[in-house]
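Comments concern the structure below.
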Amino acid sequence: MIIKTRNLLVATATLLLPAVMLLPACDDDSNPNTTSSSSGTTSTSSSGTGGSGTGICLLNNCTEDAHCDGCADGRTTCLVEENRCVACDPNTGQGCPDGYECSSFGICVPAGLDCPTDGEGNPTVTCTANSDCLACSPMHQVCDTTTGKCQACTETNTQHCLQSDICLDGKCSPKCPQSCAVDNDCAQCGGPGNEAHACFAHKCAECSDTWPCEASTGMECVNGVCTPPCGLPGPEAGTCVGDEDCTFCGDPNEVWTCKIPVNGGNHGTCMPPAEGCEDLGTNVAVLPPPYDAYTNLCSNDGNCSGIGIQYNVGQAIRDMIGSSEVMGITIHDANILYAMPICAEVQITETIDCGICVPCEEDADCQPIDIDPLIVDLFASDPLAMIAGALLIDMLWGNNEDHDLNFFCQPVAAGYGACIPCGNPLQPCGTGGGGGGTGTCDHDVCTIGTALNGTCGPCASTVCTADAFCCDAQNGSWDQLCIDQADSLCGNICSGGGGCAHGPCTTGDALVASCSPCVGAICANDPFCCNQSGGSWDQYCVDAVATTTECSTENCGGGSTCVHSPCVAGGMLTPGCDGGDCVTNVCNNDAFCCDTEWDSICVSAAESETACSCP
């Protein structure tokens with residue numbers, strides 16, 4: 001059932017490929033350099049100055065003249081600084097026949113033809129044919145005869161769009177946008193059976209809170225990918241209360257069991273069916289395919305240097321585009337070493353731990369694969385390898401600078417995971433950011449507004465780590481998706497839960513790691529204490545307070561009952577929990593601090609409140 005690793009890369013971009021891999025020629029009704037412009041054919045220049053014979057046209061995404069060989073309108077030269085195919089030199093005006101002049105965009109247009117625009121750069125020309133738009137900018141050279149407007153494209157004419165684009169409202173728009181706000185933004189992303197129609201953390205993916213995994217599969221949405229869970233649902237893998245919780249752990253061909261500590265308790269750890277470390281790799285695999293093919297015991301990361309699997313990028317690309325060739329050129333295997341550089345601890349009994357080389361412990365361990373250096377191998381020994389590579393990149397990545405296959409760490413057991421493709425492998429997963437950010441703290445986490453900063457409070461830090469868009473002052477904002485993530489990651493903080501309804505010295509519902517450093521440290525060691533789906537803050541969690549360094553300020557024997565000090569950010573506090581008037585006075589002025597979260601704004605209020613005695 002771990003099939004959802006998708007054999008490590010299943011197609012997510014089949015719909016990106018046109019049925020015919022050569023771009024259709026421009027449908028121009030007046031350009032003097034065009035001898036043929038029928039749809040679906042390749043035009044050549046009447047002057048005989050064609051390209052190399054490759055027949056491709058990367059009209060607005062070229063890097064060399066060969067990329068313009070199949071373009072119509074005589075646009076067989078690449079203006080490299082603008083990545084556009086042109087027919088004449090816009091700097092010198094040279095290259096057009098008598099009666100024509102070179103426009104500032106490198107196109108031969110009838111002398112005197114111009115394209116007036118409004119204040120926003122939109123043409124004010126009323127057109128009846130494409131020739132009326134010839135003097136306009138490259139993104140306004142197609143005539144929509146129903147509206148009489150010069151625009152970038154129509155449903156039947158997308159010659160100016162990249163192959164990774166669709167025509168939307170007369171503009172060339174990426175099928176998979178770099179950033180999404182709602183699931184509908186991703187409606188065209190991915191291919192049949194491998195759709196990426198969900199918007200997860202502002203990236204198109206397989207699933208999200210509003211586009212969940214099919215319930216019958218038992219999958220949970222992790223980083224935008226429907227993933228078989230190892231252990232109880234939650235942020236940490238491997239926590240269990242019964243063997244059925246361990247069904248999807250490690251290698252799906254092995255039966256893992258839930259082992260409860262002998263000293264009691266109602267939660268345990270999923271462990272492989274091994275009696276000793278010598279069983280790992282011989283009788284028992286602890287990683288899913290294809291990583292199960294290589295098991296290396298270790299005592300430190302140094303033992304894992306050079307360890308990895310042979311990953312076939314060629315097969316991945318063939319699966320992705322749904323074809324074994326580009327331009328009739330075969331896509332060959334291109335194998336690289338995908339590293340398993342981390343020595344992770346695998347618990348096989350309550351008293352025996354083994355070290356084993358694994359791909360990852362966290363998402364940052366999963367490195368992207370850059371396709372550019374592999375183009376020659378993918379199209380081995382073919383003289384047109386670089387041309388085929390350019391077309392492939394245009395199809396999948398358009399004009400994005402990075403041509404990577406991206407992965408994330410799918411948890412497969414307590415403490416480690418396997419690197420599998422993102423929900424849309426052509427873009428980084430919708431995670432990351434480090435918890436910082438460049439935003440400010442001018443509103444709380446439950447209010448739409450400008451980008452926040454990880455220093456605004458524990459919940460803001462958690463969301464910033466999961467979705468950098470929410471804390472990017474230049475390109476992002478704190479929108480409804482960020483609020484939804486705050487609710488999801490911080491214990492329903494915005495919908496009334498808060499996740500910090502009691503202190504760490506009291507048993508009750510599961511807390512949230514962002515409640516306080518004390519709670520975060522305990523949950524890092526025992527995820528059950530913060531598991532919102534099946535855990536609780538039981539007596540074992542309370543007992544851990546006494547032995548956890550981060551809980552040194554807690555006094556479970558009496559005094560304050562606050563979940564944390566009013567002088568530091570954390571979960572919401574309860575009026576009077578400090579045994580004085582500090583919390584009560586702050587919350588009388590700002591109810592958010594006792595209803596939702598004690599963030600940096602509440603801390604500032606406490607610092608100026610005489611009853612609080614903050615340093």
Side-chain angles (χ1 to χ4, degrees), residues 13 15-28 40 42-43 45 50-90 103-107 136-142 151-154 157-168 170-178 188-189 317 320-321 323 326-327 329 331 370-375 378-379 384-405 424 426-427:
L15 289 183
L16 295 177
L17 278 176
V20 179
M21 292 191 177
L22 300 184
L23 290 181
C26 302
D27 183 16
D28 189 317
T42 302
S43 297
S45 169
S52 63
T54 61
I56 71 166
C57 177
L58 305 183
L59 189 61
N60 291 303
N61 198 22
C62 65
T63 56
E64 57 182 89
D65 290 349
H67 297 167
C68 304
D69 186 77
C71 296
D73 307 342
R75 304 185 200 187
T76 55
T77 300
C78 181
L79 187 62
V80 177
E81 58 267 33
E82 297 182 20
N83 300 117
R84 290 190 299 105
C85 297
V86 298
C88 55
D89 189 334
S103 74
S104 59
F105 304 110
I107 301 166
C136 299
S137 72
M139 287 294 102
H140 293 95
Q141 291 182 358
V142 175
Q151 54 193 42
C153 57
T154 63
N157 188 339
T158 57
Q159 59 182 323
H160 291 279
C161 299
L162 305 178
Q163 293 185 80
S164 56
D165 289 344
I166 57 172
C167 187
L168 190 62
K171 297 179 180 179
C172 297
S173 302
K175 293 176 182 177
C176 289
Q178 288 294 305
Q188 301 294 325
C189 195
I317 294 295
M320 179 174 289
I321 68 174
S323 174
V326 171
M327 292 176 53
I329 302 173
I331 302 174
D370 185 3
I371 296 300
D372 291 340
L374 302 174
I375 292 297
L378 288 170
F379 301 101
L384 296 179
M386 300 311 294
I387 298 299
L391 184 59
L392 177 69
I393 287 171
D394 187 71
M395 291 172 179
L396 298 180
W397 288 276
N399 57 5
N400 293 336
E401 292 184 3
D402 295 325
H403 309 142
D404 296 335
L405 299 180
N424 171 24
L426 304 180
Q427 296 178 2

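The first residue of the sequence shown is numbered 1, and numbering continues consecutively from there.
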Partner residues of [X] under the side chain to side chain donor-acceptor pair (under 3.5 Å) criterion, sequence neighbours left out:
X      : answer
Gln427 : none
Asp404 : none
Ser173 : none
Asp372 : His403

Rounded distance (nearest 0.5 Å) linking atom [atom1] of [X] with atom [atom2] of [Y]:
X      : Y      : atom1 : atom2 : value
Cys57  : His67  : SG    : NE2   : 11.0 Å
Ser164 : Leu426 : OG    : CG    : 9.5 Å
Asp69  : Ile56  : CG    : CD1   : 8.0 Å
Met395 : Leu58  : CE    : CG    : 9.0 Å
Gln141 : Leu59  : CD    : CG    : 8.0 Å
Ile371 : Leu396 : CD1   : CG    : 8.5 Å

Tell me, please, which residues at least two apart from [X] pass side-chain contact (heavy atoms from CB on, under 4.5 Å).
X      : answer
Asp89  : Asn91, Thr92
Cys172 : Met139, Ala152, Cys153, Cys161, Asp165
Ala388 : Val326, Met327, Ile329, Phe379
Val142 : Asn130, Thr154, Asn157, Gln159, His160

With respect to Asp394, which candidate in Asn60, Asn61, Asn399 satisfies the side-chain hydrogen bond (donor to acceptor under 3.5 Å, both in side chains) definition? Asn61
Grab the two heavy atoms, one from [X] and one from [Y], that are nearest each other, plus how far apart they are.
X      : Y      : answer
Ile387 : Ala66  : CD1-CB, 3.4 Å
Val86  : Leu79  : CG1-CB, 4.0 Å
Pro90  : Ser103 : CB-O, 3.8 Å

Report the C-alpha separation of Cys62 and Cys78 in whole Å, then their side-chain angles, then the decisive distance to 0.1 Å, and conclude whether the disulfide (SG to SG under 2.5 Å) test is met. CA-CA 6 Å; Cys62 65; Cys78 181; 2.2 Å; yes
Walk me through whether Thr63 and Asn83 qualify under side chain to side chain contact (heavy atoms under 4.5 Å, CB included). CA-CA 6 Å; Thr63 56; Asn83 300 117; 3.9 Å; yes
Tell me whether the count of non-hydrogen atoms from other residues, nucleotides or ligands lying under 6.0 Å of CD in Glu81 goes above 12. yes
Within a strict 4.5 Å, meaning less than it, do heavy atoms of the Gln188 and Leu168 side chains meet? no
Given 3.5 Å as the limit, does a donor-acceptor pair link the side chain of Arg75 with the main chain of Arg84, or not? no
Residue set satisfying salt bridge (Lys or Arg N to Asp or Glu O under 4.0 Å) with Glu64, at least two apart, ordered chain then number -> none
